[in-house]
Novice: 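One structure, pasted below without further comment.
Heads up: numbering here begins at 1 and tracks the sequence.
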Amino acid sequence: MERLPIEFRPMTLGDIPAVLQVEQASFTTPWTRQAFYNELAYNQFAQYMVVEKEGRVIGYCGMWLILNEAHITNIAIHPDYRGRGIGEMMIDGMMALAREAGADSMTLEVRVSNAIAQQLYRKKGFEMTGIRPRYYTDNQEDAMIMWAKLDGGSDEADREVLGAGY
Ligand SMILES: CC(C)(COP(=O)(O)OP(=O)(O)OC[C@H]1O[C@@H](n2cnc3c(N)ncnc32)[C@H](O)[C@@H]1OP(=O)(O)O)[C@@H](O)C(=O)NCCC(=O)NCCS
């Protein structure tokens, strides 16, 4: 695929307004400004990244890194930029960062109705391990719990994904 001129970098407090736009365009119960602020300012286990194209934040992803496990908390790509491989690139980047931090597995929850995200996760090696009944409070929808092993990468491939800054 043609390389996109996009940057993958840590989210800052200044990114929150742009991140909220993507969040609100992506979810029925979007996270609030305060939720992102708390994650960035106070959660020592959290790592949030954005993808930026021509100065515009077009996607983001966050995870909690706890010992050898990485837990994806949130991922979204702006609707105008979906279907171009950027979500996959973000997952590759998060997996590389998690491996670098010593994690050997990654988990997440996804709505049982979110077939597109599930497709992306399966492509990246996630498998369903269980269900959290009525996990989503807006419509009582179940969450699918997915796990992936992080042993697929090499140092060289990870450096390529993360770029020179890492
Ligand atoms: C899920 C999401 C992040 C994917 O981002 P994206 O940049 O559009 O995805 P990519 O273009 O990198 O696609 C990667 C893979 O995802 C799957 N995928 C993406 N769009 C798809 C679609 N419309 N239909 C089916 N599968 C799709 C495919 O497996 C695809 O690989 P392929 O191109 O080889 O078929 C994006 O759709 C999004 O932001 N959705 C709203 C927020 C959300 O649901 N987040 C997940 C919460 S758990």
Side-chain angles (χ1 to χ4, degrees), residues 1-65 70-103 106-111 113-126 136 138 143 146 148 150 152-166:
M1 179 185 283
E2 183 197 343
R3 267 187 169 275
L4 293 159
I6 60 175
E7 193 186 353
F8 180 63
R9 62 162 176 82
M11 188 188 293
T12 66
L13 292 175
D15 291 322
I16 291 177
V19 164
L20 281 174
Q21 284 187 11
V22 180
E23 175 80 9
Q24 285 158 7
S26 300
F27 295 107
T28 47
T29 52
W31 282 19
T32 60
R33 179 182 308 271
Q34 192 66 44
F36 282 104
Y37 184 88
N38 289 344
E39 285 288 270
L40 294 181
Y42 302 122
N43 187 347
Q44 60 173 312
F45 300 109
Q47 179 144 24
Y48 282 79
M49 302 293 289
V50 295
V51 278
E52 191 174 65
K53 186 177 184 340
E54 290 156 1
R56 179 182 178 195
V57 170
I58 57 167
Y60 56 88
C61 188
M63 66 180 164
W64 295 335
L65 281 161
H71 189 145
I72 296 285
T73 57
N74 205 346
I75 177 169
I77 303 298
H78 189 284
D80 294 348
Y81 293 88
R82 290 183 193 158
R84 303 185 192 184
I86 301 174
E88 183 172 355
M89 193 216 79
M90 285 225 85
I91 293 287
D92 286 341
M94 300 310 278
M95 286 180 148
L97 284 175
R99 266 194 292 270
E100 202 174 71
M106 181 172 265
T107 186
L108 51 82
E109 288 93 13
V110 56
R111 286 181 189 262
S113 67
N114 194 345
I116 290 178
Q118 289 165 28
Q119 186 85 358
L120 165 63
Y121 301 143
R122 282 201 194 88
K123 185 175 180 189
K124 303 319 297 178
F126 285 85
Y136 298 98
D138 60 330
M146 301 185 90
L150 292 176
S154 67
D155 286 352
E156 199 180 324
D158 285 354
R159 272 196 299 276
E160 169 115 349
V161 169
L162 296 175
Y166 287 88

Novice: Is there a side-chain contact between Cys61 and Ile72, using heavy atoms and a 4.5 Å cut-off?
Specialist: yes
Novice: Is there any salt bridge (charged side-chain N to carboxylate O under 4.0 Å, His left out) pair reaching into residues 29-46, and which pairs are they, with sequence neighbours excluded?
Specialist: none
Novice: What is the distance from atom CG of Leu120 to atom CE of Met90, rounded to the nearest 0.5 Å?
Specialist: 11.5 Å
Novice: For the residue pair Arg111 and Thr28, establish whether any side-chain heavy-atom pair is separated by less than 4.5 Å.
Specialist: yes
Novice: Give the minimum heavy-atom separation between Val57 and Ala18, together with the two atoms involved.
Specialist: CB-CB, 3.9 Å
Novice: Is it the case that more than 12 heavy atoms not belonging to Trp64 sit under 6.0 Å from its CH2 atom?
Specialist: no
Novice: Examine the side chains of Thr29 and Asp138 and answer whether a donor and an acceptor come within less than 3.5 Å of each other.
Specialist: no
Novice: Any side-chain donor-acceptor pair under 3.5 Å between Thr73 and Tyr48?
Specialist: yes
Novice: Under the side chain to side chain contact (heavy atoms under 4.5 Å, CB included) criterion, do Tyr136 and Glu109 qualify, and how do the steps go?
Specialist: CA-CA 10 Å; Tyr136 298 98; Glu109 288 93 13; 3.9 Å; yes
Novice: Would you sort out whether Phe126 and Met106 count as a side chain to side chain contact (heavy atoms under 4.5 Å, CB included), showing the intermediate values?
Specialist: CA-CA 8 Å; Phe126 285 85; Met106 181 172 265; 3.7 Å; yes
Novice: Can you confirm whether Met89 sits close enough to Ile6 that some side-chain heavy atom of one is under 4.5 Å from a side-chain heavy atom of the other?
Specialist: yes
Novice: Sequence neighbours left out, what passes side chain to side chain donor-acceptor pair (under 3.5 Å) with Thr32? Give chain and number order.
Specialist: none
Novice: Is the backbone N or O of Thr12 less than 3.5 Å from a side-chain atom of Asp15, with the two atoms forming a donor-acceptor pair by type?
Specialist: yes
Novice: Any side-chain heavy atom of Lys123 within less than 4.5 Å of one from Glu88?
Specialist: yes
Novice: Closest approach of Arg82 and Ala25, non-hydrogen atoms and distance?
Specialist: NH2-O, 4.1 Å
Novice: Can you name the salt bridge (charged side-chain N to carboxylate O under 4.0 Å, His left out) partners of Asp80, sequence neighbours left out?
Specialist: none
Novice: For a quick check under 3.5 Å, do Glu23 and Tyr60 share a side-chain donor-acceptor pair by atom type?
Specialist: yes
Novice: Using side-chain heavy atoms (C-beta onward) and a distance below 4.5 Å, is Ile75 in contact with Tyr121?
Specialist: yes
Novice: Does Met146 offer a backbone N or O that forms a donor-acceptor pair with the side chain of Thr107 under 3.5 Å?
Specialist: yes
Novice: Apply side chain to side chain contact (heavy atoms under 4.5 Å, CB included) to residues His78 and Arg56 and explain how you reach the verdict.
Specialist: CA-CA 10 Å; His78 189 284; Arg56 179 182 178 195; 3.3 Å; yes
Novice: Any side-chain heavy-atom pair from Glu52 and Ile58 closer than 4.5 angstrom?
Specialist: no
Novice: Output, in order, the C-alpha distance, side-chain angles, deciding distance and verdict of side chain to side chain donor-acceptor pair (under 3.5 Å) for Gln34 and Asn38.
Specialist: CA-CA 6 Å; Gln34 192 66 44; Asn38 289 344; 3.1 Å; yes
Novice: To the nearest 0.5 Å, what is the distance between CE (Met49) and CD (Gln47)?
Specialist: 6.0 Å
Novice: Within the 4.5 Å heavy-atom criterion, are Val22 and Val50 side-chain neighbours or not?
Specialist: no
Novice: Heavy atoms, side chains only, cut-off 4.5 Å: are Leu65 and Met63 in contact?
Specialist: yes
